[in-house]
Each structure stands twice: as structure tokens, then as C-alpha cells.
Amino acid sequence: MRPHVTVNCAMTADGKIAGKARKQVRISSPEDLERVKRLRADNDAILVGINTVIADDPNLTVKGLDPAKNPLRVILDSLGRTPPQARVLDRAARTLIATCDECEAIWPNVEVVRCGKEKVDLRKLLGLLADRGVRRLMVEGGGETIWSFFEADLVDTYLVFVGSEIIGGRTAPSPVDGEGFEDDAMIRLELLDAVRLGNGTLLKYEVLRDAAH
Ligand SMILES: NC(=O)c1ccc[n+]([C@@H]2O[C@H](COP(=O)([O-])OP(=O)(O)OC[C@H]3O[C@@H](n4cnc5c(N)ncnc54)[C@H](OP(=O)(O)O)[C@@H]3O)[C@@H](O)[C@H]2O)c1
């Protein structure tokens with residue numbers, strides 16, 4: 001069985017996950033940052049796309065909690081662009097880089113799996129993760145990665161923190177970028193919860209499979 005997939009991201013009040021320079025901006029409130037840390041600890045693996053690694057250089061750990069709770073870090077990187085000095089390659093937690101069949105890149109202390117031709121094949125990757133004991137996967141972004149999970153119908157829970165900022169910009173990324181669905185094929189969600197966390201709101205949705213597509 002594939003892992004349960006939770007998408008988690010933070011967007012501004014105008015629906016952007018970063019500014020037009022595509023660099024990390026602080027959107028989450030301190031309360032939300034704490035929640036994200038606990039959510040990471042509750043998942044077996046956290047996944048991001050390579051553009052997020054390059055733009056934000058996240059460490060994807062549960063700093064301040066028991067280091068044994070650090071989930072496996074998973075990077076989608078078809079062309080082997082993960083920089084050798086990236087924080088996700090430090091020894092704080094295990095890391096798996098998912099790349100394409102033709103990519104020959106290797107990194108020290110990292111498991112590399114090759115699945116897919118031009119992009120990483122997400123369904124195959126989830127199978128490989130399940131084989132490694134991953135039951136719960138958290139997808140943290142960015143917009144292209146989240147789109148691919150929705151497009152492949154692989155999202156179960158969607159969590160979005162809505163901060164209290166406006167950043168604007170036609171080209172600033174949003175939680176779900178990619179090509180987008182045709183109007184009649186959009187994904188339908190059920191709102192499960194809305195909770196104020198400091199100066200923002202956490203929205204929790206379940207993906208409605210029967211109504212989608
Ligand atoms: N606010 C938030 O919650 C949050 C969280 C995370 C990121 N961000 C922001 O998001 C932005 C980066 O997002 P992004 O959309 O540009 O990129 P991204 O989702 O981080 O990475 C996308 C890249 O991953 C690789 N990839 C490989 N297989 C893929 C697949 N099956 N599906 C999708 N991608 C695949 C592709 O590059 P290759 O072809 O080279 O492999 C693709 O271009 C940054 O500005 C960052 O700050 C915000």
C-alpha cells in the first residue's frame with residue numbers, strides 16, 4: 001500500500017508561497033512553525049523538490065525535538081542538481097535522492113533511487129518508499145512538486161497555513177503551480193478544520209476522490 005500523503009505549505013493572504021524572487025519568505029507564525037515541526041516528527045518521510053533545496057536550503061529536521069524523530073528526507077532531483085553543501089545532505093537525518101533512470105550523480109551518505117524518464121515517477125517512488133517502511137509522507141513543496149502530487153492523484157490531506165501578508169507578483173509561486181487542471185477536472189476538497197494559529201489560519205482539507213476528475 002502506498003504511504004498516506006499529506007501536503008503542507010504556508011501561503012500569504014494573497015495565495016503566494018514565496019515572492020517573485022522565489023526565495024524563502026517567513027509566512028508561518030511561530031505557532032505554525034511549532035506545528036510543522038511536530039507534523040514532521042509524525043511522518044516517516046518529508047519530500048521537497050530540488051528547486052526548494054536550491055532556493056531555501058532547508059534542513060528538513062525536527063530541531064528541538066528528539067533527533068530520533070527526524071524523518072527520512074526525500075528530494076525530487078531528476079538531473080542530479082542537489083549541491084554537495086546542501087543542508088539536506090548533513091548527517092542530522094537520513095536522506096534519499098530520487099532521480100531519473102539516466103542520471104549518474106551520486107552523493108556521499110545518501111541513498112539514490114532512479115525512477116522515471118524526464119521527471120521522477122511519483123507512483124514508483126511511493127512504492128519504493130513503502131518498501132522502506134514509509135507509511136506517512138509529508139510533501140512540503142514547492143508549487144511544481146505539489147502540483148505533480150495532485151496531478152497524479154496522490155494527495156490525501158492538504159494543510160495550508162494562510163498568513164497575514166500580501167506579497168503580490170504575477171510570477172510568484174503558489175501552493176499548486178504546474179499546468180493546472182481544466183475547470184471541470186479540478187480537485188474537490190472537504191474542509192475538515194480551520195484553526196487560528198497566531199496571526200494566521202491553518203486550513204485542513206481532505207481530498208474527495210469520488211468527486212475529483
Ligand atoms: N511557503 C511554503 O510552504 C514553501 C515550501 C516549499 C517551497 N516554497 C517555495 O517554492 C519555490 C520552489 O518551488 P518550485 O515549484 O519552483 O519547485 P519545487 O517544487 O521545489 O521543485 C520542482 C523541481 O523538482 C524536480 N522534479 C523532479 N521530479 C519531479 C516531479 N515528478 N514533479 C515535480 N517536480 C519534479 C524538477 O526539477 P528537475 O527537472 O531539475 O529535477 C522540478 O522543476 C521556492 O520559491 C520556495 O521558497 C515555499
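Computed over heavy atoms, backbone and side chain alike; hydrogens, waters and symmetry mates excluded. The residues of the chain are indexed from 1 along the displayed sequence. Order of listing sets the numbers, starting from 1, for every ligand and every atom in it. Everything numeric here is computed off the predicted structure, so don't read it as measured data.
Counting non-hydrogen atoms of other residues, nucleotides and ligands closer than 6.0 Å to NZ of K69 gives a total of 12 or fewer. Applying the 6.0 Å contact sphere to CZ of R114 captures more than 12 heavy atoms from other residues, nucleotides or ligands.
Checking side-chain atoms of R87 against main-chain N and O of D57 turns up a donor-acceptor pair under 3.5 Å.
Look at R132 and D44 and you find no salt bridge, because none of the NZ, NE, NH1 or NH2 atoms lies under 4.0 Å from a carboxylate O.
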Name each donor-acceptor pair under 3.5 Å that joins a side chain in residues 16-29 to protein atoms two or more places apart or in another chain, with its distance.
| unit_1 | atom_1 | unit_2 | atom_2 | d |
| --- | --- | --- | --- | --- |
| K16 | NZ | G169 | O | 3.0 |
| R22 | NH1 | T171 | O | 3.2 |
| K23 | NZ | A55 | O | 3.4 |
| S28 | OG | D32 | OD2 | 2.6 |
| S29 | OG | E31 | OE1 | 3.4 |
| S29 | OG | D32 | N | 3.2 |
| S29 | OG | L197 | O | 2.8 |

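Ligand 1 lies under 4.0 Å from heavy atoms of C9, A10, I17, A18, R22, K23, Q24, G49, I50, N51, T52, D56, L76, D77, S78, L79, R81, K119, V120, L122, E140, G141, G142, G143, E144, T145, S148, P173.
Less than 6.0 angstrom separates the ring centroid of Y158 from the ring centroid of F150.
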